[in-house]
Q: 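Take this structure, written in structure tokens, and hold onto it; I'll ask about it next.
Chain letters run A, B, ... following the sequence lines, proteins first and then strands; every chain starts at 1.
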Number of protein chains: 4
Amino acid sequence: MPTTKKRNTKVIADASKEKIFQTAFDLFALNGYSRTSVDAIAKKAKISKGLIYHYFTSKEDILRGIFLRFVENTSLQMTGDGSLPPKAALKQMIDFSISFIIHEVKLSRLMIALVIQPDVIKGINKDMSKLREGWWGVLIDLLKKMGYKNPEAEGYFLGAILDGISLGYIAMGKSYPIEKVKRLIKKKYEL
Amino acid sequence: MPTTKKRNTKVIADASKEKIFQTAFDLFALNGYSRTSVDAIAKKAKISKGLIYHYFTSKEDILRGIFLRFVENTSLQMTGDGSLPPKAALKQMIDFSISFIIHEVKLSRLMIALVIQPDVIKGINKDMSKLREGWWGVLIDLLKKMGYKNPEAEGYFLGAILDGISLGYIAMGKSYPIEKVKRLIKKKYEL
Amino acid sequence: MPTTKKRNTKVIADASKEKIFQTAFDLFALNGYSRTSVDAIAKKAKISKGLIYHYFTSKEDILRGIFLRFVENTSLQMTGDGSLPPKAALKQMIDFSISFIIHEVKLSRLMIALVIQPDVIKGINKDMSKLREGWWGVLIDLLKKMGYKNPEAEGYFLGAILDGISLGYIAMGKSYPIEKVKRLIKKKYEL
Amino acid sequence: MPTTKKRNTKVIADASKEKIFQTAFDLFALNGYSRTSVDAIAKKAKISKGLIYHYFTSKEDILRGIFLRFVENTSLQMTGDGSLPPKAALKQMIDFSISFIIHEVKLSRLMIALVIQPDVIKGINKDMSKLREGWWGVLIDLLKKMGYKNPEAEGYFLGAILDGISLGYIAMGKSYPIEKVKRLIKKKYEL
DNA sequence: AATGAATGAGGATTCATTCAT
DNA sequence: AATGAATGAATCCTCATTCAT
């Protein structure tokens with residue numbers, strides 16, 4: 001049964017790779033990329049350092065993998081599948097964003113860290129820019145459909161609000177009045 | 001004579017310390033704190049590594065010094081001296097912020113890096129929080145005086161916008177439509 | 001049937017082993033022994049790393065195998081089968097050597113690397129010495145038959161010339177005036 | 001006495017740097033460049049690894065330093081100062097070379113290793129080529145002055161002999177009949 | 001005040017080899 | 001015969017910090 005065998009092996013392989021992914025993600029999000037050593041990942045994942053380099057070409061490569069997975073996982077939820085009417089879609093985007101900001105603080109922090117570190121992680125920067133501009137493109141589109149006169153500026157404006165809230169929430173945690181601010185946003189966009 | 005001597009020495013000492021300050025600031029802003037080595041600072045400042053540790057107890061201590069100085073230098077410009085009427089003061093804060101975002105990209109990046117790295121530089125975190133909350137306190141105060149119903153949320157809202165714009169400008173540089181967004185802000189607050 | 005099967009298996013096995021041989025040889029010659037990883041051999045040969053250790057006990061063992069095969073392949077061409085008269089045999093040796101130096105630069109380099117690295121590949125060193133001394137023994141013999149007074153010294157002398165030319169050609173490539181030097185050799189030995 | 005102080009410091013500094021030089025040289029010559037670890041150098045020199053990187057930018061940099069020193073030390077002895085008549089100068093070159101081959105086997109081996117490893121030590125390769133071609137240039141010049149018809153080929157020929165002898169002596173040690181071969185050379189050039 | 005030699009604990013990465021399947 | 005996951009020691013290099021002078 002070569003098929004079964006193969007699948008087994010694959011599953012096992014995936015188990016290790018997955019462990020590396022998860023552990024690296026936890027540590028990157030917790031302590032930041034550069035303060036997380038490959039050694040620390042190996043130790044926490046209880047695997048050998050060598051195995052990490054069996055699955056990834058470099059520490060940066062792990063980060064790239066994590067980032068791409070993040071993109072996959074969030075894109076659809078973030079921007080929707082285009083089936084909703086503009087107003088509902090905008091509402092969903094904002095709700096998802098605020099929810100993400102609240103529940104994924106560490107991940108948000110990691111992503112912002114990537115944004116502001118241009119050269120460190122070169123391979124990711126382009127994708128990161130694309131992602132952000134993609135999101136904002138969707139925002140702009142929605143605002144256009146909703147009849148805003150200056151959808152581009154409005155899109156960047158709303159994008160900035162969400163980014164800024166994320167930063168504030170990272171800095172202040174639960175003492176940040178995120179719900180109140182959210183209500184202001186909804187009021188502004190009549191949602 | 002001793003007095004003069006002392007003052008002279010002090011001046012010379014200050015010259016060295018100042019050089020360290022300036023150089024470290026440049027490098028931190030340019031390459032980030034962790035990617036700047038004490039050695040690099042010494043070399044660029046054309047002084048010895050030992051001298052740095054004569055004036056500062058650690059690399060972190062340099063950053064602390066830079067940060068405190070930054071606070072001193074910007075606070076007044078940012079928040080004004082209280083002599084302006086609320087609307088003018090708000091206008092000044094926004095203008096200064098946008099100008100700072102545009103002209104001090106590297107410094108902005110450094111500051112945001114400090115915000116999102118809680119533990120790295122422990123001594124700074126409190127001051128940083130105070131600073132941000134101070135700014136926002138002033139904002140809230142102004143909005144209150146201007147008659148806004150929900151000045152707290154509005155203050156955090158405006159603060160978030162400015163932070164978000166900063167992040168966007170760091171990420172995209174001149175392709176970020178900062179002037180257009182600025183106009184939206186001014187329109188929103190009727191400035 | 002079992003016989004055929006066995007033979008088939010053998011042939012397949014040989015095919016894999018042969019692939020390893022060839023690939024390892026190429027890479028050793030191209031990049032040197034120590035800079036060639038077992039992994040690189042496996043990848044280029046499109047077989048698994050494990051299979052290499054099925055056929056060879058170690059990386060060194062591969063090199064040993066390559067070397068022995070090299071000895072087998074070149075010895076006859078180098079020294080002839082003893083059927084030629086001394087002068088013709090000497091001419092053949094020189095012609096073959098020069099041709100080898102020109103057309104097998106990488107292999108020459110690998111062989112010289114083995115000569116000057118005594119301990120690295122212990123198993124080979126003896127064979128290498130035997131080989132060289134074998135060649136020179138034949139040289140000495142030929143020169144003796146040709147009537148040279150001091151055939152031993154003359155043999156080592158000629159051997160040194162050929163080695164030195166090889167080194168020069170490795171170092172300088174086509175800018176080395178190998179043909180002119182060859183003519184000097186032929187003139188010296190009246191060939 | 002800043003001068004004295006400085007000189008003292010310099011001397012001490014030189015002592016450490018010199019120790020690194022000597023130790024690295026010994027180990028490189030004994031075991032080869034790539035099989036000598038920076039750690040091994042540090043341990044044998046009884047200094048910290050860090051100090052090595054205080055004086056040298058890389059392991060390769062140490063080798064470069066050793067090589068340059070070698071060039072300085074041998075060039076004059078090898079090629080003379082041009083004051084001798086051609087025949088005497090040629091004699092001196094040959095004598096020095098043979099003596100070097102006999103007494104500096106490890107160093108010879110290291111140098112040959114450098115010649116045949118093109119890319120490994122990139123910075124050195126050019127200098128190495130220059131050095132060799134410089135020596136041979138002198139040889140050619142001398143042979144020209146001595147009235148040889150084809151001085152270029154003759155120069156390369158003699159150069160090859162000396163290189164070849166070096167290789168032979170490295171491979172065989174004292175069982176290599178170097179004196180006999182030397183006599184043949186002298187006879188050939190009527191020295 | 002000032003120097004820079006010296007340290008040693010990491011940090012990322014490579015690689016020959018083993019082993020379960 | 002064949003795979004490739006897994007190991008762990010070794011390697012080059014960086015860097016904050018200390019200290020004698």
Q: Atom NZ of Lys106(C) and atom CG of Leu30(C): how far apart are they, to the nearest 0.5 Å?
A: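 Rounded to the nearest 0.5 Å, the NZ-CG separation comes out at 4.5 Å.
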Q: Tell me, please, which residues at least two apart from Thr36(D) pass side chain to side chain contact (heavy atoms under 4.5 Å, CB included).
A: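 In terms of side chain to side chain contact (heavy atoms under 4.5 Å, CB included), with neighbours along the sequence ignored, Thr36(D) is linked to Leu27(D), Phe28(D), Asn31(D), Ile41(D).
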Q: Does dA6(E) have its OP1 or OP2 closer than 4.0 Å to a side-chain nitrogen or oxygen of Ser16(D)?
A: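 Yes, Ser16(D) has a side-chain N/O under 4.0 Å of OP1/OP2 on dA6(E).
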Q: If the cut-off is 4.0 Å, is His54(D) near the phosphate of dA6(E), judged by side-chain N/O to OP1 or OP2?
A: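 No, His54(D) has no side-chain N/O under 4.0 Å of OP1/OP2 on dA6(E).
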Q: Nearest-Å distance, NZ (Lys46(D)) to P (dT7(E))?
A: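 It is 13 Å, rounded to the nearest whole Å.
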Q: Taking atom P of dA12(E) as reference, at what distance in whole Å does atom CG of Leu27(A) sit?
A: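 So the CG-P distance, Leu27(A) to dA12(E), works out to 12 Å.
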Q: Partners of Ser48(B) by side chain to side chain contact (heavy atoms under 4.5 Å, CB included), sequence neighbours excluded?
A: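 With neighbours one apart ignored, the set is Leu51(B).
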Q: Looking at dA2(F), I'd like to know if its phosphate oxygens (OP1 or OP2) sit under 4.0 Å from a side-chain N or O belonging to Tyr55(C).
A: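 Checking Tyr55(C) against dA2(F): at least one side-chain N or O falls below 4.0 Å of OP1 or OP2.
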Q: Counting only side-chain N and O atoms of Tyr53(B), is one of them less than 4.0 Å from OP1 or OP2 of dT17(F)?
A: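 Result: yes.
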Q: Just jot down the ring pair (Phe, Tyr, Trp, His ring centres under 6.0 Å) partners of Phe25(C), sequence neighbours excluded, or say none.
A: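 Expected list: none.
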Q: Does Leu114(B) reach the side chain of Leu63(B), with side-chain heavy atoms less than 4.5 Å apart?
A: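 Yes, at least one pair of side-chain atoms sits under 4.5 Å.
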Q: Nearest whole Å is fine: how far is dA12(E) P from Ile52(A) CD1?
A: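 Those two atoms, CD1 and P, are 10 Å apart.
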Q: For Ala42(C), give me all partners under side chain to side chain contact (heavy atoms under 4.5 Å, CB included), at least two apart in sequence or on another chain.
A: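 Counting only residues at least two positions away or on another chain, Ala42(C) forms a side chain to side chain contact (heavy atoms under 4.5 Å, CB included) with Lys49(C), Ile52(C).
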Q: Between protein and nucleic acid, restricted to nucleotides 8-11 of chain E and to nitrogen or oxygen atoms under 3.5 Å apart, what atom pairs and distances do you find?
A:
| from | atom 1 | to | atom 2 | distance (Å) |
| --- | --- | --- | --- | --- |
| dG10(E) | O6 | Lys49(D) | NZ | 3.2 |

Q: Which ranges of DNA chain E pair up as stems, where a stem means three or more consecutive Watson-Crick or G-U pairs with both distances under 3.5 Å?
A: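 Stems for DNA chain E, defined as runs of 3 or more consecutive pairs: E:2-21 with F:2-21.
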Q: Could you tell me the separation between the CD1 atom of Ile20(A) and the C1' atom of dA12(E), rounded to a whole number of Å?
A: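 Distance check: Ile20(A) CD1 to dA12(E) C1' gives 15 Å.
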